Amino acid sequence: PKEKGWASDLCLYEGFWYERLAGLEGIMFAQEHFQARPTDIFLISTPKSGTTWLKALIFAIMKRTCYTNSTHPLLTANPHDCIPFLELKLFREPPIADVEKLPSPRLFAAHIPYTSLPKSILCSGCKIVYVCRDSKDVLISMWYHMVKMRSKDLPPLSLEEAFKLFSKGLSGFGPFWDHVLGYWNASMECPQRIFFMRYEELKKETLINIRRLAEFLGQPFSMEEEREQVVEEIIELCSFKRLSNLEVNKNGSRDAVIKNDMFFRKGEVGDWSNHLTTQMAESLDQITNEKLHGIF
Ligand code: A3P
């Protein structure tokens, strides 16, 4: 089945929608061929939920003994180059990246819904970090992103149209709420395997949440690291201000359409209030209450 999407037609696969088929072939290929290792670490999210920030943080936490402050890859590379998406990059299209050659622990990211994850990810016991964000801020962030992705031949996408599509679940890797619910339920069943994070909590209590994240990843900060303020350094290295001002993130690009600066807009909680009408906001909150009661 097909529906009109934000920048192209949306295609339904295993209960979720895919824009421009982005990620779909990669998911199918991964379902067939990806061999997870118990030591793998996956960052999973719906688009525009803070993936770029979490990629930077997980990379910085896991590689903290590998680099000095001046040689750190996050100073010259976009976080998406440090932790690539499985379905959108490595397995996107032939030739498929040889991920077998990568040393453990391998760091991957994905937007794949829980029920579409390759079986080996579920069986291997590898760790998954899931980040989610308030649907209202996700909608606004996605709208800004997709307006730039839309071909110049199409009429501009109004926020009203985007709101309608999003509310009906029609967005890439959506329905948003089903995606979140899949990982929330799985994290409740298996908290040692799936760490469920919220963008808003990470913004509010960054230090505590990064310590928790490092513990979950099996790399807790030692007393000595705490004394040396390693956590604070990581927070600074991965901050919106720092990352968005780097040359690579101001002027670099992923491909002909996607520029690196599309991943750094405002980086705030609650920007929706500058865009959505009260009615729109209430309507999204109602869907969230109905579908994700108890999570938000
Ligand atoms: P806004 O559009 O609300 O500013 P994703 O990485 O999943 O595509 O999400 C992008 C959103 O995360 C954007 O939100 C972006 O500005 C925000 N973001 C990117 N880097 C960030 C950082 N270091 N800290 C906080 N938010 C960040």
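Everything numeric in this text was worked out from a predicted model, so none of it was measured.
In this structure, CZ on Arg211 lies 11.0 Å from CD on Glu205, to the nearest 0.5 angstrom. Atom NZ of residue Lys119 and atom CG of residue Leu122 lie 7.5 Å apart, to the nearest 0.5 angstrom. Rounded to the nearest 0.5 angstrom, Lys241 NZ and Leu246 CG are separated by 12.5 Å. For the atom pair Gln219 CD and Ile58 CD1, the distance stands at 12.0 Å (nearest 0.5 Å). Here CD1 of Ile234 is found 5.5 Å from CD1 of Ile61. Values are rounded to the nearest 0.5 Å. Atom CE of Met262 is separated from atom CZ of Arg254 by 11.0 Å, given to the nearest 0.5 angstrom.
Minimum heavy-atom separation, Asp255 to Val257: OD1-N, 2.9 Å. The two residues Leu90 and Pro84 have their closest heavy-atom pair at CD1-CG, 3.8 Å. Nearest heavy atoms, Asp137 versus Gly270: OD2-N, 2.7 Å. For the pair Ile140 and Trp272, the tightest heavy-atom approach, listed with the atom from each and the gap, is CG1-CA, 3.8 Å. Across every non-hydrogen atom of Leu202 and Met197, the tightest pair is CD1-CE, 4.0 Å. Heavy-atom minimum distance, Phe173 versus Phe16: O-CD2, 3.5 Å.
Side-chain atoms of Phe264 and Phe240, non-hydrogen and from C-beta on, do get closer than 4.5 Å to each other. Annotation: side chain of His111 is in contact with side chain of Thr51 (closest heavy-atom distance under 4.5 Å). No side-chain heavy atom of Leu284 sits less than 4.5 Å from a side-chain heavy atom of Phe176. With a 4.5 Å cut-off on side-chain heavy atoms, Asp40 and Arg37 count as touching. Within the 4.5 Å cutoff, side-chain heavy atoms of Leu75 are placed close to those of Leu237. Contact annotation: the side chain of Arg133 never approaches that of Thr46 to less than 4.5 Å [non-hydrogen atoms, C-beta and beyond]. Here the side chains of Phe91 and Glu32 are not in contact, with every heavy-atom distance at 4.5 Å or above. You'll find the side chain of Glu100 reaches within 4.5 Å of the side chain of Arg106, heavy atoms only.
By the rule that hydrophobic residues join a cluster once side-chain heavy atoms approach within less than 4.5 Å of another member, Ile41 and Ile121 end up as members of separate clusters. The hydrophobic clustering, which links ILVMFWY residues whose side-chain heavy atoms are closer than 4.5 Å, places Leu86 and Ile258 together.
Asn274 and Asp271 form a side-chain donor-acceptor contact under 3.5 Å, judged by distance and modelled atom types alone.
Among the candidates Ile83, Leu43, Leu54, the single residue satisfying the side-chain contact (heavy atoms from CB on, under 4.5 Å) test with Phe59 is Ile83. Of the candidates Phe34, Phe85, Phe195, Phe42 forms a ring pair (Phe, Tyr, Trp, His ring centres under 6.0 Å) with just one, namely Phe34.
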From CA spacing to verdict: side chain to side chain contact (heavy atoms under 4.5 Å, CB included), Arg227, Met223 = CA-CA 6 Å; Arg227 263 197 308 277; Met223 296 288 272; 4.3 Å; yes

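Within 6.0 Å of CD on Glu25 lie no more than 12 heavy atoms contributed by other residues, nucleotides or ligands.
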Under 3.5 Å, which donor-acceptor pairs link side chains of residues 153-168 to any protein atom two or more places apart or in another chain?
{"from": "Ser158", "atom 1": "OG", "to": "Glu161", "atom 2": "N", "distance (Å)": "3.1"}
{"from": "Ser158", "atom 1": "OG", "to": "Glu161", "atom 2": "OE2", "distance (Å)": "3.2"}
{"from": "Glu161", "atom 1": "OE2", "to": "Ser158", "atom 2": "N", "distance (Å)": "3.3"}
{"from": "Ser167", "atom 1": "OG", "to": "Phe163", "atom 2": "O", "distance (Å)": "2.8"}

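Screening residues 176-199 for side chain to side chain donor-acceptor pair (under 3.5 Å) gives Tyr114-Arg193, Tyr130-His179, Trp177-Thr288, Asp178-Lys291 as the qualifying pairs, with residues at least two apart or on separate chains.
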